[in-house]
Amino acid sequence: MLDQIHWLAAVTVLGVLEQAYFFLQVIYARRLFGISPPKISGPPEFERIFRAQVNSSEYFPIFLALLWQAGLFFHQGLAAALGLLYLYARYCYFMGYKASPSERLTPIYFSAGVLWILIAVSALGILHFFLSHYVGLNVLQFPTA
């Protein structure tokens, strides 16, 4: 069983560590700009860091659900590779947004594209499971000559 999920688990841990890094960046920015919780407004530099962290946190549960569905129902390796691409794009998004609002656009579009691919792979995997399990139709098996 574990050999079927170890890559998904590793990407999940990396994602959690990335989220922790983003949280720490907000804490450092709060100290740097003297913004105590629960306040969430301040200089544009702080607001960009805060917004990048919140946006990344908002998408993290969606990413995790899709990562695991794609990995369990379609292919663990492909899902893990897409997961690593997503995490890299999110890191680029965070760092870009921290620098300038315009530098967040390319990475956010890329990460959204990866999520759409994970949705498609998840849906195909789940559809294949239902068709093969309940209908006896294996759509991923090609006829041999």
Side-chain angles (χ1 to χ4, degrees), residues 1-33 35 37-38 40-135 137-144:
M1 168 73 178
L2 292 179
D3 60 332
Q4 296 173 5
I5 62 169
H6 63 283
W7 290 114
L8 302 175
V11 172
T12 298
V13 169
L14 285 175
V16 169
L17 290 172
E18 182 178 69
Q19 290 296 307
Y21 173 76
F22 295 161
F23 294 144
L24 288 173
Q25 292 301 300
V26 172
I27 292 169
Y28 297 145
R30 283 187 179 282
R31 290 179 184 158
L32 179 67
F33 297 108
I35 300 169
I40 58 171
S41 61
E45 296 84 0
F46 168 77
E47 290 181 0
R48 288 195 310 265
I49 293 168
F50 181 79
R51 208 37 232 143
Q53 181 270 318
V54 169
N55 182 269
S56 295
S57 294
E58 291 167 345
Y59 277 86
F60 194 62
I62 297 167
F63 162 69
L64 285 179
L66 293 172
L67 172 73
W68 281 85
Q69 287 178 113
L72 293 174
F73 286 97
F74 194 83
H75 190 274
Q76 177 189 205
L78 176 63
L82 289 168
L84 290 174
L85 278 175
Y86 177 82
L87 294 177
Y88 176 71
R90 271 293 157 169
Y91 177 79
C92 292
Y93 162 79
F94 187 91
M95 299 312 278
Y97 204 176
K98 185 176 174 180
S100 165
S102 63
E103 290 188 41
R104 79 189 196 287
L105 296 176
T106 300
I108 197 71
Y109 294 146
F110 185 77
S111 67
V114 173
L115 282 181
W116 280 108
I117 294 169
L118 281 169
I119 289 170
V121 170
S122 296
L124 283 173
I126 293 167
L127 177 64
H128 174 260
F129 174 81
F130 280 118
L131 288 175
S132 64
H133 191 75
Y134 294 108
V135 181
L137 178 62
N138 189 347
V139 294
L140 296 180
Q141 184 178 15
F142 298 102
T144 57

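- For residues 75-104, there are no salt bridge (Lys or Arg N to Asp or Glu O under 4.0 Å) pairs, not counting sequence neighbours.
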Inset, instruction - Dump the intermediate steps for side chain to side chain donor-acceptor pair (under 3.5 Å) on Gln19 and Ser56, then the final yes or no. - result: CA-CA 8 Å; Gln19 290 296 307; Ser56 295; 5.0 Å; no
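- Of all the heavy atoms in Val26 and Phe46, the pair that sits closest is O-CE1, 4.3 Å.
- For the residue pair Phe60 and Val16, the shortest heavy atom distance occurs at CZ-N, 3.7 Å.
- Leu67 and Gly83 get closest at one heavy-atom pair: CD1-CA, 4.1 Å.
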Legend entry - Intermediate values then yes/no, side-chain contact (heavy atoms from CB on, under 4.5 Å), Tyr93 and Asn55: CA-CA 10 Å; Tyr93 162 79; Asn55 182 269; 3.5 Å; yes
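- Distance OG/Ser100 to CE/Met95: 13.5 Å, rounded to 0.5 Å.
- Shortest non-hydrogen contact noted between Pro43 and Phe33 is CG-CD2, 3.7 Å.
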Inset, instruction - Test Ile49 against Phe22 for side-chain contact (heavy atoms from CB on, under 4.5 Å), laying out the working first. - result: CA-CA 8 Å; Ile49 293 168; Phe22 295 161; over 6 Å; no
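- Using the six-membered ring where Trp is involved, Phe73 and Phe129 have ring planes that are perpendicular, over 60° apart on the 30 and 60° scheme.
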Inset, instruction - Decide side-chain contact (heavy atoms from CB on, under 4.5 Å) for Ile40 and Arg30; before the verdict, give the C-alpha distance in whole Å, the side-chain angles of both, and the deciding distance to 0.1 Å. - result: CA-CA 9 Å; Ile40 58 171; Arg30 283 187 179 282; 4.0 Å; yes
Legend entry - Phe63/Leu87 under side-chain contact (heavy atoms from CB on, under 4.5 Å): CA gap, chis, key distance, verdict: CA-CA 9 Å; Phe63 162 69; Leu87 294 177; 3.9 Å; yes
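- Evaluated for a side chain to side chain contact (heavy atoms under 4.5 Å, CB included) with Val114, the options Leu85, Leu84, Leu66 yield exactly one hit, Leu85.
- The shortest heavy-atom contact between Ala70 and Leu118 is CB-CD2, 3.9 Å.
- Aromatic pair Tyr134/Phe130: centroids less than 6.0 angstrom apart.
- No donor-acceptor distance shorter than 3.5 angstrom exists from the side chain of Gln76 to the backbone of Gly71, with no hydrogens or angles considered.
- Here the closest heavy-atom approach between residue Tyr97 and residue Ala52 is recorded as CD1-CB, 3.7 Å.
- When side chains are defined from C-beta on, Tyr91 counts as touching Tyr21, because their heavy atoms get closer than 4.5 Å.
- Looking only at side-chain heavy atoms (C-beta outward), Thr12 and Trp68 come within less than 4.5 Å of each other.
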